[in-house]
Amino acid sequence: MQLHKLDKNRISNNKLPHWEYLAFIAAVFVTFIFCVSIGTVKLPWTDVIHYLMDHVFGTVHEYEVASAPQIMTVRVPRVICVALSGMSLALCGCSMQGLLKNPLAEGSTLGVSSGAALGAIVAIAFNINVPFLTLAGPTVMAMLFAFGSIMLILFLAYRLDYSLSTNTIVLLGVIYSMFISSIIMFITTFASEKIRSITFWTMGSLQGSTYTEALMLLAVLLICSAVILSKAEELNAFAIGEDNARSIGIDVRKTRLTILVAVSALIGTCVSIGGSIGFVGLVVPHMTRMIVGPNHKRLLPATLFSGAVFLMIMDLIARVILRPRELPIGAVTSLIGAVLFVFIFAGTRRNTR
Amino acid sequence: MSLLEMKNVTVSYDGYCVLKDASLKLESGDWLMVVGPNGAGKSTLISAAGGNAPYTGEILIGDKERTAMKAREIARRVGTLTQNHSVGYSFSVRELVGLGRYPYRKGIIGGKDEDDARMVEQAIQDVGLGEFADRSLLTLSGGELQRAFIAQLFAQDPNVLMLDEPTNNLDLIFQKEVFDLLKKWVAQKDRAILSVVHDLGLARSYGNKALLLDRGTLVAYGDMDSVFSDDMINGVYKLDMRQWMSKLYSHWVN
């Protein structure tokens with residue numbers, strides 16, 4: 001006889017209640033103000049709010065710290081990019097965990113992030129560019145490689161183990177990631193003059209992000225999250241089982257392809273802007289599931305907000321912990337994410353045994 | 001018009017034929033029991049009919065070929081219960097059963113109407129899980145979980161149920177409950193069941209037709225009594241079934 005712990009909070013209804021939405025939005029806003037105000041130079045939070053008001057509503061305010069506007073022209077776009085990346089990566093992880101019925105699925109565990117990073121690196125090393133769009137070369141290559149990586153891993157997984165078990169997928173992801181990093185090392189050897197920018201892609205950093213990048217990320221996120229959120233019910237069925245999804249009339253092939261295309265576009269864009277940032281898509285959905293339950297109609301929107309909060313805090317830690325030196329954000333998320341993940345994993349195992 | 005018809009359905013995996021030339025027809029009110037020893041191709045037959053295995057031949061649902069139908073259209077006519085449920089996330093019983101209404105959703109967002117909610121509650125009541133509606137699937141016993149999946153099928157309200165071992169892992173009382181439930185379900189208009197059942201006693205008591213398979217080949221198909229004749233059953237199971245069953249139940253008679 002198995003004993004299960006019954007957790008009332010994890011039983012969910014269909015929609016996120018309004019107050020939960022408000023709470024999530026408030027959390028994102030407060031974290032945003034906090035993260036912008038803290039850094040090498042500490043700014044009062046009132047200055048941050050004044051700056052935002054000046055730019056959004058066109059008002060004019062006096063600043064307590066005279067250099068505040070100059071500092072914030074750098075910090076604000078960065079923190080916006082961080083928040084958007086957090087949203088995207090968490091949403092991707094969440095939808096892959098549902099789609100593959102696999103709580104360990106995520107961009108970095110499936111090797112999708114490293115695949116995308118390889119795409120961006122190939123574009124830089126061999127000067128591949130899309131005509132008229134200077135930024136687009138690495139982005140498009142990262143998207144293509146992300147999608148190619150997902151397809152390759154799923155193809156291999158289906159060949160080896162039709163049930164797509166957790167172990168098979170994670171093992172393949174690990175092998176694939178090692179394979180990719182060896183290719184990246186080859187390229188690094190041959191394109192040594194570009195070694196600095198290549199290291200950036202593999203470590204992940206959102207230092208020096210611009211409004212242009214934020215806009216591009218926002219556009220892709222709007223489209224892809226609309227697609228993914230419209231598939232919330234299908235994701236519920238996949239999370240229960242692919243056979244069950246088919247039995248209730250879901251076009252399994254088409255739905256899976258749609259979601260995977262959206263996921264790879266998002267991961268590709270994120271990686272091309274911030275490099276490969278691991279563990280966000282693994283840890284955030286797990287923690288959010290503990291709060292709102294596994295129903296994707298509630299989980300997906302909640303994950304967007306908590307992803308933003310999580311990555312903004314991670315970025316803050318990366319900026320300030322060894323001040324004035326800055327850590328790559330990917331190193332911080334992997335470090336904190338891995339530790340948190342052990343606890344979460346232990347918790348879920350206790351629950352399901 | 002029959003509710004479901006299979007014509008010369010053949011299934012092979014990697015060149016190895018696991019089901020050969022199976023044909024059958026389900027009319028309203030039919031409960032067709034698929035029987036045979038392990039490895040006979042019973043589950044394969046259900047998988048092929050449910051679209052979970054690649055097949056050659058024809059499968060007609062109503063008057064349409066399965067391959068020419070949309071997934072939702074099929075789901076409104078046929079519901080499939082597969083073996084082995086492993087549930088990974090803590091969805092509630094109501095969420096699982098609610099998914100049964102998926103083929104009736106309209107529009108991209110797919111709002112739920114009151115009919116849907118009512119059918120879901122009814123289905124949960126029908127399988128006797130009323131007080132478990134808000135419980136997590138992870139906290140249910142094997143029997144309760146199976147009943148939750150059956151409730152989803154009831155909410156889906158198809159014409160044909162295809163059940164692979166519907167009472168696998170269920171104790172005797174649940175077996176009786178589930179079979180009585182299904183008997184009531186199939187007695188309604190335009191409904192039929194195709195099920196794989198290991199227990200020949202259960203199969204014979206509840207079904208009106210039977211299909212006997214042996215190593216992928218259809219040995220007998222027709223009315224219960226003609227398929228369950230001594231020659232057929234004994235030949236396939238390599239056992240004097242009448243003697244064995246009499247011995248098995250001798251203590252219970254008198």
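Just so you know, these numbers use all the heavy atoms, side chains as well, and skip hydrogens, waters and symmetry mates. Being a predicted model, the structure only gives us computed values, none of them experimental.
- Interface residue B/Q152: only side-chain heavy atoms are found under 4.5 Å from chain A.
- Your options are A/L229, A/N244, A/D251, and the one with the most heavy-atom pairs under 4.5 Å with chain B is A/N244.
- Aromatic pair B/W31/B/F179: centroids less than 6.0 angstrom apart.
- If you tally non-hydrogen atom pairs under 4.5 Å between each of B/A71, B/G50, B/A75, B/G79 and chain A, the highest count goes to B/A71.
- With hydrogens and angles left out, the side-chain atoms of B/D126 and B/Q122 include a donor and acceptor closer than 3.5 Å.
- A/Y176 and A/S149 share a side-chain donor-acceptor pair at under 3.5 Å.
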Just do the side-chain contact (heavy atoms from CB on, under 4.5 Å) check on B/V160 and B/R77 with the steps written out, would you?
CA-CA 6 Å; B/V160 180; B/R77 305 253 188 146; over 6 Å; no
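- With a threshold of 4.5 angstrom between heavy atoms, B/I74 does not approach chain A through any atom at all.
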